[in-house]
There are 2 protein chains.
Amino acid sequence: MARWEPDARGRLQQAAMQLFRERGYADVTVAEIADRAGLTKRTFFNHFADKREVFFDNGPAFGQNVLKYLAEADPGLGAIDAAMLALTRAGLDLAPYYEFGKARLEILAATPELRERDLIKTAGLATVLAEALERREVSSREAVFAAQAALSVFSAAAAEWISHPEADFPDLMRQTLAELRSAVL
Amino acid sequence: MARWEPDARGRLQQAAMQLFRERGYADVTVAEIADRAGLTKRTFFNHFADKREVFFDNGPAFGQNVLKYLAEADPGLGAIDAAMLALTRAGLDLAPYYEFGKARLEILAATPELRERDLIKTAGLATVLAEALERREVSSREAVFAAQAALSVFSAAAAEWISHPEADFPDLMRQTLAELRSAVL
DNA sequence: GTCTATAGGGCGATAGAC
DNA sequence: GTCTATCGCCCTATAGAC
């Protein structure tokens, strides 16, 4: 290398997403990703703990945004309402990345290996969300259930939003929460 | 004397659980598991698609039982009540395996790799449970939410039961559902 | 049952940034 | 000079192909 190109991490992420879309996750090797980014396999593993991580570490920091919006939410709001508010706002921030998000979901749906990783990332988000909710007046148990329920609602509403991009996302979130409530009563 | 000992699969499972308890999942190789079972690495992969599967394929068939009990449940019951009933009965069936279940949970908690696989197994159970609930009068959305909520309740109640084995599990399930309801209202 | 590709990582050398 | 990112070499284990 004559000179270091900047943003090795970003280049690896871009190369990886390109290749995954071209040939699917399983048929792409780490060496190929590194090659396309003008780097080596060894450097890839300096940036990402394993091959799956490169798929998740890009895009906007959804989890950060959720926590930020939650901290801003009216302290008088109950746990479920605060969680819904934070997830709704964080979801709206994703609108500019519609195409990217759709491609991401397609790869995810086709790759059990990545679905596993996605589930544990979501579970991690549920945990930190619950911990943040606990700093309100609620019990640990209530915080966990509120966080899980709100994330279930978000997941369903986001899927709906992707197939109906013209819909109002906050409306979808409200309607979906109503459906969850009626399902558990 | 038979040319090979019977129940190769069971021996592999037992050997694996022993080794995982002794040294942790990550430090155990497939070759070691096969060795202890008196078999070869090749035979291991003949029985299990990957190293993680040997951890999940043993013990009682919880998912089968859930579906069986659901099929037996009064058709007049709502989705959430039917799911709760089925999970409660399937949970009671686990009582004889208390020690085994506790050891399993300890390994699970210590091994992210296995937690990932556990999450996708649970998600799969949520899906088939929802499909079964749909055969009642409910919408697809309601079936999914009822299945997820019931599994959340089960997970919390089962954890409670493990730390208080003298408690009445059906009671724990009822109380925990009440907590979930109050958390989402 | 053997043979091979790939994931993942330890270690040390080196090249560039400061 | 120091500090850090990249790289080259080599190894093990998983997993699948032949």
Side-chain angles (χ1 to χ4, degrees), chain A residues 1-58 107-108 110-121, chain B residues 2-5 8-9 11-58 107-108 110-121:
Chain A
M1 307 285 286
R3 235 191 127 199
W4 284 355
E5 303 296 326
D7 195 20
R9 190 184 186 86
R11 270 155 48 220
L12 286 166
Q13 288 165 342
Q14 272 200 285
M17 289 303 285
Q18 272 177 24
L19 286 163
F20 294 161
R21 287 170 84 161
E22 286 169 23
R23 310 212 310 275
Y25 176 86
D27 276 359
V28 175
T29 71
V30 170
E32 283 175 308
I33 298 168
D35 270 1
R36 185 170 295 198
L39 297 165
T40 68
K41 191 172 65 107
R42 198 62 197 80
T43 302
F44 178 96
F45 285 112
N46 278 343
H47 286 276
F48 304 101
D50 60 44
K51 186 182 164 192
R52 296 161 200 86
E53 280 301 304
V54 73
F55 182 79
F56 291 95
D57 205 65
N58 50 22
I107 298 172
L108 247 188
T111 318
E113 212 171 329
L114 292 176
R115 291 228 317 122
E116 285 190 348
R117 183 59 55 90
D118 186 58
L119 286 169
I120 205 168
K121 296 258 179 199
Chain B
R3 219 141 48 83
W4 27 263
E5 302 296 324
R9 191 186 186 85
R11 268 154 52 219
L12 285 166
Q13 288 165 343
Q14 271 200 285
M17 289 303 285
Q18 271 178 23
L19 286 163
F20 294 161
R21 288 168 86 161
E22 286 168 25
R23 310 210 311 274
Y25 177 85
D27 276 0
V28 175
T29 71
V30 171
E32 283 174 309
I33 298 169
D35 269 1
R36 183 169 298 198
L39 298 164
T40 68
K41 205 171 49 122
R42 181 69 176 83
T43 305
F44 178 96
F45 285 111
N46 213 341
H47 285 277
F48 304 100
D50 61 44
K51 185 182 163 191
R52 295 166 195 83
E53 282 302 304
V54 73
F55 183 79
F56 290 95
D57 203 66
N58 49 24
I107 299 172
L108 248 187
T111 318
E113 211 170 330
L114 293 176
R115 293 229 317 123
E116 285 189 347
R117 183 58 55 91
D118 186 58
L119 287 169
I120 205 168
K121 296 256 178 199

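Naming: A, B, ... by sequence-line order, numbering from 1 per chain. Source: prediction; values computed, not measured.
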Response to the item:
L19(A) CG to dT6(C) P, in whole Å, measures 14 Å
Worksheet item: dC11(C) P sits how many Å from N46(A) CG, rounded?
Response: 14 Å
Practice prompt. Establish, with yes or no, whether the OP1 or OP2 oxygen of dA5(D) is under 4.0 angstrom from a side-chain nitrogen or oxygen of H47(A).
Written response: no
Discussion item. Requiring both pairing distances under 3.5 angstrom, list the stems that contain DNA chain C and are made of three or more consecutive Watson-Crick or G-U pairs.
Written reply: C:1-18 with D:1-18
Worksheet item: Rounded to the nearest 0.5 Å, how far does CG of L108(B) lie from OH of Y25(B)?
Response: 11.0 Å
Worksheet item: Where is the tightest heavy-atom contact between A37(A) and L12(A), given as atom of each residue plus distance?
Response: CB-CD2, 3.8 Å
Worksheet item: How many angstroms lie between atom OG1 of T29(A) and atom CD of E32(A), to the nearest 0.5 angstrom?
Response: 4.0 Å
Practice prompt. Figure out the CZ/C1' separation between R23(A) and dT6(C), and round it to whole Å.
Written response: 14 Å
Discussion item. Checking the side chain of R52(B) only, and the main-chain atoms of L114(B) only, is there a donor and an acceptor separated by less than 3.5 Å?
Written reply: no
Response to the item:
From the list T111(B), I107(B), D27(B), side-chain contact (heavy atoms from CB on, under 4.5 Å) with F20(B) holds only for I107(B)
Discussion item. Within this structure, what is the CZ-CD distance for the pair R9(B) and Q14(B), rounded to the nearest 0.5 Å?
Written reply: 14.0 Å
Worksheet item: Hey, does the side chain of T43(A) come within less than 4.0 Å of dT6(D)'s phosphate (OP1/OP2), counting only N and O?
Response: no
Worksheet item: Which atom names give the shortest non-hydrogen contact between K51(A) and V54(A), and what distance separates them?
Response: O-CG1, 3.2 Å
Worksheet item: Is there any ring-ring contact (aromatic ring centres under 6.0 Å, His included) pair reaching into residues 27-54 of chain A, and which pairs are they, with sequence neighbours excluded?
Response: F44(A)-F48(A)
Worksheet item: Which nucleotides of nucleotides 10-18 of chain D have their base under 4.0 Å from a protein heavy atom (B), which only their sugar-phosphate (S), and which neither (-), written as one string 5' to 3'?
Response: ---SBBSBB
